[in-house]
Amino acid sequence: MSTMRLSRCVLVLLLLSSSPVKAAESLMIYSAQKEPYIRPLLDRYTAETGVEFEFLNDQGPVLIERLAAEGADTRADVLITVDAGNLWTAAERGLLAPIDSDVLEANVPAALRDTGGRWFGLSRRARTIVYASERVAPAELDGYGGLADAKWKGRLCLRTSRNVYNQSLVATRIAHLGEAEAERLVRGWVANLALTPLPDDTLTVKAIAAGECDVGVVNMYYLARLKREDANLPVAVHWADQGGRGVHVNVCGAGVSAHSRQKAAAQRFLEWLSSASVQREIARLNLEYPVNAEAAADPLLAAWGEFTADALPLTEAGRLQPDAVRLMDRAGWR
Ligand code: FE
């Protein structure tokens, strides 16, 4: 009896070990990046590898709560979010697996990925100043700090402080200036507002074009997308803090779910996304900058010229995010 059990056991083991390692047939993506910017990449990966995708889109914080609630039962293999603040939160909450990948480390600059390998930037965006090209001369602009100057009273448009992009921008101001100076800056911005803070960056650009304000702070791809539709839109980009710390940059990035049962397949997908030819396509789709130095930016962005980016590691933006939220509340930035 025991011999029979043993031989049965050996047979099962033999069968298991002789079957080839099963390739992932389907990866589940939780993505805060909207589907039109991702779908062509998924389709291309499926065509090249046979790996299919399921796709769930929602706001970053909603996806993070969902991952936390699902725990070990989650079906998510990959989390894609916009803004390092969200990626940092997901990593801190133990929702992302550390990845040790020479490919990702070579393709993604160190400042744009987690030091622990839990997330990697896939495209880079700058949060900078835009202005009414018919009413403002570039020489009048003096970086983020300049927007607190009383000369912009009633002329500044900002998005709501509930938005993670602004939270990361303010977190990096705290890192650079210290809390007290950062608060003075933010209070200056709030005092200059022309309109109640807007729900999104596109509305900021449109309000400037419509003459409701003269300057604003947006992620540059929102301006680029509107410029792609209308090259004559009277709004221009200004690279902030070029004599100082450089433009605040952030990422759209991804990590592998801590409870994914297909971590190797998920890692291969991230490595593929970081490759130069795919990076070019990402940049063309979302009008952000590639993170891979081998890939060129879209011509529309190339025409805006080079800029010096803030070298502060993005993990700092995540770490100081709670302080930034409290600071913006105190300063009355709604
Ligand atoms: Fe965005």
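Computed over heavy atoms, backbone and side chain alike; hydrogens, waters and symmetry mates excluded. Both ligands and their constituent atoms are indexed starting at 1 by order of listing.
- Salt-bridge check for Lys151 with Asp142: failed, with every basic side-chain N at 4.0 Å or more from each acidic carboxylate O.
- Using a cut-off of 4.0 Å between Lys/Arg side-chain N and Asp/Glu carboxylate O, Arg66 and Glu70 are scored as salt-bridged.
- Checked for salt-bridge contact, Arg326 and Asp323 meet the test: a charged N lies under 4.0 Å from a carboxylate O.
- Between Tyr45 and Phe53, the ring-plane angle classifies as tilted under the 30° and 60° cut-offs.
- Asn250 places no side-chain N or O within 3.5 Å of a backbone atom of Arg125 that could act as its donor or acceptor partner.
- Counting only protein atoms, the N, O or S atoms lying less than 2.8 Å from the Fe ion (ligand 1) are Tyr165 OH, Tyr221 OH, Tyr222 OH, ordered by chain and residue number.
- Among Thr172, Asp201, Asp83, the one residue that satisfies the side chain to side chain donor-acceptor pair (under 3.5 Å) test with Arg127 is Asp201.
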